[in-house]
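Every heavy atom of this structure was used, including side-chain atoms; hydrogens, water molecules and symmetry mates were not.
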Amino acid sequence: YVGHNNTVIASDFSPDGLYIATAGGNDRAIHIWDAKTGYKLRELKGVGEVAWSAGFSPDGKTLAWGLTNANMAGLTPINERGPFEYQLALPIGNQPMGRPERVNDKSPKFIRANAAKDGGWQLWAVKGGRYNHPGGGLEIRKDGKAQATIERGPSNGERHSAFTFTPDGKALITGGSWGVLQAYTLDGKLIGDYIGHEGDIWAVTPSPDGKYLASAAADQTVRLWNLQTRELIVTIFQA
């Protein structure tokens, strides 16, 4: 059976052995299919979708995200897995809270994560972790030389699936599997966790002024955080 588009996490036969129900994939759907032919009979799913991208307008007043995966393999540990499709005006200054709208020709050019910064610093995903997979390690480089490596495993997110420097260049943010989202110093020491996501992190982007962090994940939510205190400000579930 090839109906699912990502990891299947549950399965069971019907009591009479005629049908199989499987659950998983990017859309978190339950598929019911013919056990003999592999033909899909039903698909049961909710109204949410995986969020693949997150960013800010240059003035930091508008949050943007996307629900389309441009890299179906989903394994490249960068913050450019899909286009920006929706935008939301944030209640900053005198601007009232907006409603989700489609990104259009008049929308600003939204900013994504930055894996490089002034002074020759760069974040670079390398093989590592218990399976030696791409993104299992994250090298913090200066002038092409590794200064520190952040290894991931079963207790801290398995891999680095999205990462960025903070705007002031003094720290970095990295997301991984199972909702792990963390801040580190440039010498690879853990600062703290952003706690809230329940699925793989696919995008992280700080606001240009360094006040906020936006993240997009497989739990079908986009989240806005206080970058410095790591407090969750708002969760966006778009149906």
Could you please spell out the steps behind the side chain to side chain contact (heavy atoms under 4.5 Å, CB included) verdict for Thr7 and Ile9?
CA-CA 6 Å; Thr7 306; Ile9 59 175; 4.2 Å; yes
Kindly indicate whether a cation-pi arrangement holds for Arg112 with Phe56, taking the cut-offs as under 6.0 Å to the six-membered ring centre and within 45° of the axis.
no
Please determine whether the number of non-hydrogen atoms from other residues, nucleotides or ligands lying under 6.0 Å from atom [atom1] of [X] exceeds 12.
X	atom1	result
Lys170	NZ	no
Asp187	CG	yes
Lys61	NZ	no
Trp33	CH2	yes
Arg130	CZ	yes
Tyr19	OH	no
Gln147	CD	yes

Taking atom types as modelled, is there a side-chain donor on [X] or [Y] under 3.5 Å from an acceptor on the other?
X	Y	value
Ser161	Arg159	no
Gln87	Ser107	yes
Gln238	Trp65	yes
Glu80	Ser53	no

To the nearest 0.5 Å, what is the distance between [atom1] on [X] and [atom2] on [Y]?
X	Y	atom1	atom2	answer
Leu90	Gln95	CG	CD	7.0 Å
Asp193	Ile195	CG	CD1	5.5 Å
Ile173	Leu213	CD1	CG	5.5 Å

Nearest non-hydrogen partners of [X] and [Y], listed with the distance:
X	Y	result
Ala217	Gly199	CB-O, 4.0 Å
Lys127	Asn132	CB-OD1, 3.4 Å
Gly137	Thr149	CA-CG2, 4.5 Å

Apply side chain to side chain contact (heavy atoms under 4.5 Å, CB included) to Leu172 and Ile150, showing your working.
CA-CA 11 Å; Leu172 63 100; Ile150 302 171; 4.1 Å; yes
Through direct or indirect side-chain contacts below 4.5 angstrom among Ile, Leu, Val, Met, Phe, Trp and Tyr, which residues connect to Val47?
Phe237
Hits for side chain to side chain contact (heavy atoms under 4.5 Å, CB included) against Glu231, two or more places apart or cross-chain, chain-then-number order -> Asn226, Thr229
Angle between ring planes, Trp225 versus Tyr194, binned at 30° and 60°: parallel, tilted or perpendicular?
perpendicular
Assign the ring pair Tyr1 / His31 to parallel, tilted or perpendicular, where the plane angle (0 to 90°) is split at 30° and 60°.
perpendicular
Is there side-chain contact between Arg28 and Gln220, with at least one heavy-atom pair below 4.5 Å?
yes
Would a 4.5 Å heavy-atom cut-off, applied to side chains only, mark Val222 and Leu63 as touching?
yes
Hey, does the side chain of Thr174 reach the backbone of Phe163 with a donor-acceptor pair shorter than 3.5 angstrom?
no
Could you walk me through whether Arg102 and Tyr86 pass the side chain to side chain contact (heavy atoms under 4.5 Å, CB included) test, one step at a time?
CA-CA 5 Å; Arg102 277 278 186 179; Tyr86 299 93; 3.1 Å; yes
When clusters are formed by joining ILVMFWY residues with side-chain heavy atoms under 4.5 Å apart, either directly or through shared neighbours, do [X] and [Y] land in the same one?
X	Y	result
Leu67	Trp52	no
Ile233	Met97	yes
Leu227	Leu123	no
Val8	Val50	no

Given Phe165 and Leu186, is the side chain to side chain contact (heavy atoms under 4.5 Å, CB included) satisfied, shown in steps?
CA-CA 9 Å; Phe165 282 110; Leu186 296 187; 3.7 Å; yes
Walk me through whether Gln182 and Arg230 qualify under side chain to side chain donor-acceptor pair (under 3.5 Å).
CA-CA 9 Å; Gln182 298 173 313; Arg230 301 181 299 280; over 6 Å; no
Residues that Phe13 engages under ring pair (Phe, Tyr, Trp, His ring centres under 6.0 Å), provided they are two or more places apart
none
